[in-house]
Amino acid sequence: MWSGIEYGELSESVGRGAVKLIDIRQPWELIQTGKLPGSYNIPMNQLVHALSLSEHQFLHQYNFPKPRPRDSNVVLTCRSGRRVRVAWNQLEPLGYCNVRLYFGSYLDWKANGGPLLEPDFSQILQ
């Protein structure tokens, strides 16, 4: 079963650089709304393929180290929290059982006054 994370804990973890935050929204969504600090973009429809890449291929394509199945510091976020649940169901069979879900996602982050950044286009797939 999935494990959630709330705004306060996530904000603190992001501030410490203690979390690998993966935003599974589409690149155009990040362009429109901004992104959570420290987050990386892997669109949901590419997630399974991305995690099947070698570590070298993943790093080259996504500009951050590939999460390992047993990593406990990986958090998924989207716009409202709906897509993270779907994504978890795709990741769990691949062994990514420790991934945490930010159920409120972007909307909750924004509602809590969390900072948003302009997307770094080198980290967004074109």
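Under the 3.5 Å distance criterion, the side-chain polar atoms of E92 are left unmatched by any main-chain donor or acceptor of N89. Judged by distance alone, the side chain of K20 and the main-chain N or O of V75 form no donor-acceptor pair under 3.5 Å. Proximity of a side-chain donor or acceptor of D108 to a complementary backbone N or O of S105 within less than 3.5 Å is not detected.
Between E6 and R100, no side-chain nitrogen of the basic residue sits less than 4.0 Å from a carboxylate oxygen of the acidic one, so the salt-bridge criterion is not met. In this structure, E118 does not pair ionically with K35, as no charged nitrogen and carboxylate oxygen lie closer than 4.0 Å.
Residues T33 and R25 bring a donor and an acceptor atom of their side chains to less than 3.5 Å of each other.
Side-chain rings of Y102 and Y7 stay apart, their centers remaining 6.0 Å or farther from each other.
Y40 is connected to L101 through a chain of hydrophobic side-chain contacts under 4.5 Å among Ile, Leu, Val, Met, Phe, Trp and Tyr, so both are in one cluster.
Closest approach of G38 and L117 over heavy atoms only: N-CD1, 4.4 Å. Shortest non-hydrogen contact noted between D23 and C78 is OD1-CA, 4.1 Å. Of all non-hydrogen atoms in T77 and Y106, the two that sit nearest each other are OG1-N, 3.8 Å.
The environment of CZ in R68 is sparse: at most 12 heavy-atom neighbours from other residues, nucleotides or ligands sit within 6.0 Å. Heavy atoms of other residues, nucleotides or ligands lying less than 6.0 angstrom from CZ of R16 number more than 12. K110 NZ: 12 or fewer foreign heavy atoms inside a 6.0 Å radius.
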